[in-house]
Amino acid sequence: MTRTLVVLFVVTVALAGAVVVRAVVPAPQEVQPRQPAVPDAADVHVRNGVTCEACHGTPLAGSSATAPIYAPIARTAIAPLCARCHADAAYMRQFAPQVRVDQYAQYQTSVHGQQMAKGETRVATCSDCHSAHGVLHVRDTRSPVAPANVAGTCARCHADADLMTPFDRSPEAFSDWKGSVHAAALLERGDLSAPTCSTCHGSHGATPPGVDTVANVCAQCHVREAELFRASPKQPVFAAMELADCLVCHNNHAIERPDDSWIGFESPAVCAICHDETTNGANVIRSVGDGLRALRRDTDEAVSLVARAEEAGVLVEDGHLALASAREAHVRLRVLVHAFAAPPFDEVLAEGRTAVEAARAAGTAGLDELDFRRTGLAIATLFILGFLVTLYIKIRRLPPITN
Amino acid sequence: MASDRNPMSAPSPGRRSLLNWLLGTWSAGVLGSIVFPVVRYLVPPEIPEAPTLSVMAGPASTLAPNTGRLVPFGNSPAIVVRLASGELRAFAGTCTHLSCTVQYRPDLEHIWCACHNGHYDLHGRNISGPPPRPLEAYDANVQGDEIVISKKG
Amino acid sequence: MKAWLADRLPVAEVEAAIAHKTVPQHRHSIWYYLGGMTLFFFGVQVVTGILLLLYYRPSAAEAYDSVQFIMTRVPFGWLIRSIHSWAANLLVAAAFIHLFSVLFLKAYRRPREITWITGVLLLFVILAFGFTGYLLPWNELAFFATRVGTDIAGAVPFVGEATVRFLRGGPEVTGATLTRFYGVHVAVLPAIATVLVGLHLLLVQYHGMSVPPSVESEARRAGRPIPAMPFVPHFALRDLFGWTVALAMLAGLSAFLPWELGVRADPFAPAPAGIQPEWYFLWTFQALKLVPATVLGVSGELIALVGMTAGALALVFLPMLDRNTDRSRAIVTWAAIGALGFMVAMTLLALVGGHS
């Protein structure tokens with residue numbers, strides 16, 4: 001009898017402990033932060049009259065009218081549940097005639113969707129990015145999927161090493177992107193056209209672009225560079241080596257501002273990854289790199305020449321215009337680098353050189369004007385001094401004052 | 001001045017006229033140094049007014065339909081476009097995204113920015129790509145054979 | 001030709017007056033040249049101002065560019081503009097030195113009270129010229145200096161706001177302010193100045209040069225008359241000498257220290273740090289800064305304004321206040337020293353503070 005009681009006691013304690021532990025320690029698959037229990041007034045669904053029952057069904061028996069309790073929704077069931085309305089064109093038209101209804105279809109093609117379909121719940125579903133109860137329109141700057149916030153939302157999982165390691169993915173992407181020129185454009189300058197995670201990877205259909213298609217993604221904005229590259233001798237080489245077009249030199253996430261020193265044979269030159277002075281194309285590398293750096297140097301010289309004239313008081317308007325042209329030429333030359341050939345590059349280089357010459361001429365003209373002024377002043381001062389000396393003598397020779 | 005009771009108080013007539021002659025010459029020099037700049041100043045300069053409210057944009061006869069031309073306007077570029085219909089339009093030539101200089105694309109029949117694929121229609125409105133604002137429109141008129149671009153209003 | 005004129009104009013009388021004009025010679029005679037020096041700078045301003053008028057455009061959209069145009073494209077435009085800017089400062093300096101010399105030498109005594117009053121009013125006119133002219137290039141410094149300067153008028157109770165609106169041509173400093181200041185600078189003030197200068201010069205000719213009390217009493221005690229220099233040619237040639245030196249200084253300053261154009265005014269940009277008015281207003285600016293915000297419940301700014309207005313009125317009516325006794329003259333001398341010391345101290349404070 002005592003033994004039975006002990007066993008019963010132990011089992012009860014164990015069960016109680018399991019219940020307590022279960023209540024306190026979250027299950028491994030709950031990776032997202034807890035959703036707010038009740039949607040607020042800003043929630044898009046609330047504002048459009050979509051009630052709790054629409055998603056949660058009827059409340060469980062025994063829950064009160066003011067604080068209903070619903071059955072929990074399994075993670076794998078979330079996307080199909082949302083799609084019940086959001087994939088129904090006729091239904092969605094009532095609220096927003098232009099809204100897209102292919103999000104679920106896209107999701108099913110994405111890595112997230114494919115994993116979820118296999119039962120792997122440690123991937124994102126609708127409520128993870130859009131939240132379940134405080135859903136805001138993508139236009140709303142507070143929304144987790146507004147352009148400026150997207151990267152932070154993705155980073156909730158993709159920057160977490162514990163979450164990424166089981167899937168053999170690097171958690172570095174977010175911090176890489178954060179230091180890139182694209183992040184600076186988006187977050188510091190507020191340029192909403194700058195790419196964030198979803199721009200290149202897709203949002204609902206999120207999948208990393210493959211090696212042979214990643215360049216198409218960059219080409220959405222960097223049209224000119226892509227055109228030049230595809231017509232360049234590099235393109236077939238990269239295709240044969242199965243290298244991703246833009247990424248070899250520019251990286252995928254940690255995209256830095258390129259520098260003229262990237263063209264050459266020594267670090268930090270990107271050409272040096274494959275080329276040295278003996279390889280094919282070495283002379284193009286040399287002439288392009290040297291051309292860029294020479295133009296930059298000459299422009300800086302012209303800038304200081306013009307500045308010197310202006311500091312001394314001569315305004316040099318034409319110089320500024322010419323310097324702007326020279327800087328334009330430099331920007332265009334950096335784009336023409338992607339042709340990986342001399343002819344188009346050299347043409348614009350010549351234009352740049354002409355502009356620098358014009359700036360230098362304007363600066364020199366300014367300094368000449370300074371000389372002219374000083375010479376003119378010297379002559380005028382000479383006349384004035386002669387006059388003053390003569391006048392002084394005349395004054396001294398005046399008849400004395402008699403009273 | 002020191003005392004005027006100068007032992008040499010009454011210089012000889014020769015000395016006096018030499019002095020006066022010198023005085024006259026030097027004062028002519030001084031007056032010349034004043035009058036010469038003033039006279040030059042009064043003559044209107046080559047370019048009669050500041051190129052910031054209006055600017056010449058080259059001959060009208062050489063701007064064919066469906067072509068554009070970039071010209072400097074003050075410190076920044078301006079683009080003048082002749083439409084296929086023959087009408088002249090002009091806009092600021094600086095892209096509103098990151099300030100690259102735009103160009104006219106005859107194949108697209110509108111204005112394009114090469115830096116990040118920004119497109120503007122023939123009213124200057126930003127229709128595609130990153131530019132956030134339209135291009136400022138200018139007035140384009142023809143005087144003789146010269147196109148004149150001026151700020152609106 | 002001269003006979004034709006003499007028949008119709010009082011040529012003979014004018015010639016006689018000039019020939020008989022004399023200037024007393026004593027240890028303080030050097031100060032007699034300052035009135036003429038002020039007149040010279042004023043003349044330079046009139047000539048260069050008229051020249052600038054030919055190219056300047058008084059609208060917010062065009063002003064800055066027109067000044068840039070004058071300085072870069074018009075031949076010798078840089079010279080005319082720099083001379084105008086430098087001479088403005090030298091004019092104010094000369095006017096103040098002239099004022100203080102008259103103050104110390106008591107040249108405002110009977111019968112020269114009206115000469116003094118016209119002179120003080122001319123000083124105010126010159127300061128107004130400086131204040132209105134400073135805005136005309138429409139650069140950043142001028143824009144904000146004008147905003148701060150016109151703000152001060154708002155401290156006056158009841159009429160303060162209306163005064164500010166009147167000065168600015170609106171509630172804020174805008175193109176309307178520019179046009180208004182331009183009209184005042186090229187038409188209103190020159191008209192007033194012409195009348196005042198004409199009156200001032202006429203009265204100086206009429207009364208002749210004043211001799212300081214100390215020199216007068218010395219001569220009386222010694223029983224000797226005060227030596228006098230003929231105006232023509234002795235004094236006039238010396239005057240010419242001084243004016244030529246001043247001209248050389250202006251030319252040198254314009255060539256070696258040309259006046260800046262500055263940055264174009266942007267009403268929507270924040271005010272740059274350390275905005276200060278021109279040096280001749282620094283002492284008022286600094287004094288206003290030092291006054292506490294409220295004194296006994298009254299706005300500190302208002303008290304300072306009242307104080308300055310009282311000072312200005314005292315200055316205008318000084319000849320009436322001075323009883324022409326040794327004692328009251330001594331009071332005026334000490335008051336003048338105090339005022340000068342105050343202005344210098346405030347100016348130095350402002351300059352040092354501006355660099356810290």
Side-chain angles (χ1 to χ4, degrees), chain A residues 181-182 185-186 189-195 199 218-228 317-325 327-329 331-332 334-336 355 358 373 376-402, chain B residues 1-12 15-16 18-34 36-37 40 47 50-52 70-77 93-94 96-101 103 105 112-119 126 128-132:
Chain A
V181 286
H182 291 145
L186 180 65
R189 274 204 310 269
D191 183 353
L192 294 181
S193 68
T199 318
C218 309
Q220 282 178 96
C221 292
H222 295 277
V223 172
R224 192 81 187 99
E225 286 86 339
E227 262 173 19
L228 287 166
E317 287 182 318
D318 297 336
H320 286 293
L321 217 56
L323 284 173
S325 283
R327 288 191 198 105
E328 272 277 325
V331 171
R332 283 162 61 202
R334 281 175 157 199
V335 173
L336 283 168
R373 291 184 191 182
L377 177 70
I379 295 173
T381 311
L382 191 70
F383 284 130
I384 289 176
L385 275 173
F387 178 75
L388 286 173
V389 166
T390 326
L391 185 61
Y392 179 73
I393 298 173
K394 173 114 183 150
I395 288 171
R396 293 226 39 182
R397 295 240 176 105
L398 285 173
I401 303 166
T402 48
Chain B
M1 224 81 349
S3 162
D4 278 304
R5 292 162 179 70
N6 193 330
M8 288 167 43
S9 55
S12 57
R15 266 247 177 76
R16 204 188 302 137
L18 171 66
L19 197 60
N20 286 341
W21 180 86
L22 274 173
L23 205 58
T25 313
W26 288 124
S27 56
V30 173
L31 281 169
S33 311
I34 298 171
F36 174 69
R40 290 277 289 122
I47 306 164
T52 47
L70 282 165
V71 295
F73 192 163
N75 278 333
S76 40
T94 310
T96 55
H97 178 224
L98 292 177
S99 305
C100 292
T101 302
Q103 55 189 273
R105 284 279 295 267
W112 180 66
C113 180
C115 284
H116 301 99
N117 197 24
H119 295 256
N126 45 322
S128 163

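Just so we're on the same page: letters track the sequence lines, and every chain starts at 1. These numbers come from the heavy atoms of this one structure, side chains and all, not from hydrogens, waters or symmetry mates.
Proximity to chain B is limited to the side chain of A/R189, based on heavy atoms less than 4.5 angstrom apart. Heavy atoms closer than 4.5 Å to chain A are found in the side chain of B/W112, but not in its backbone.
Note that CD1 of B/I34 is 7.0 Å distant from CD1 of A/I384, once rounded to the nearest 0.5 Å. Between atom SG of residue B/C115 and atom CZ of residue A/R332 there is a gap of 10.0 Å, rounded to the nearest 0.5 Å. Between A/F383 atom CZ and B/T25 atom OG1 the span is 10.0 Å, to the nearest 0.5 Å. With values rounded to the nearest 0.5 angstrom, B/S76 atom OG is found 13.5 Å from A/H320 atom NE2. Note that CG of B/N117 is 8.5 Å distant from CD of A/E227, once rounded to the nearest 0.5 Å. A/L321 contributes atom CG, which lies 12.0 Å from atom CZ of B/F73 (distance to the nearest 0.5 angstrom).
Between chain A and the residues B/G29, B/S33, B/P77, B/A28, the largest count of heavy-atom pairs under 4.5 Å involves B/G29. Interface check for chain A: of the options B/G32, B/P132, B/S27, the most heavy-atom pairs under 4.5 Å are formed by B/S27.
Using a 4.5 Å heavy-atom threshold, the side chains of B/H97 and A/S193 count as touching.
The shortest non-hydrogen separation linking B/L19 to A/R397 is CD2-NH1, 4.1 Å. Across all their heavy atoms, B/L22 and A/T390 have their closest contact at CB-CG2, 3.6 Å.
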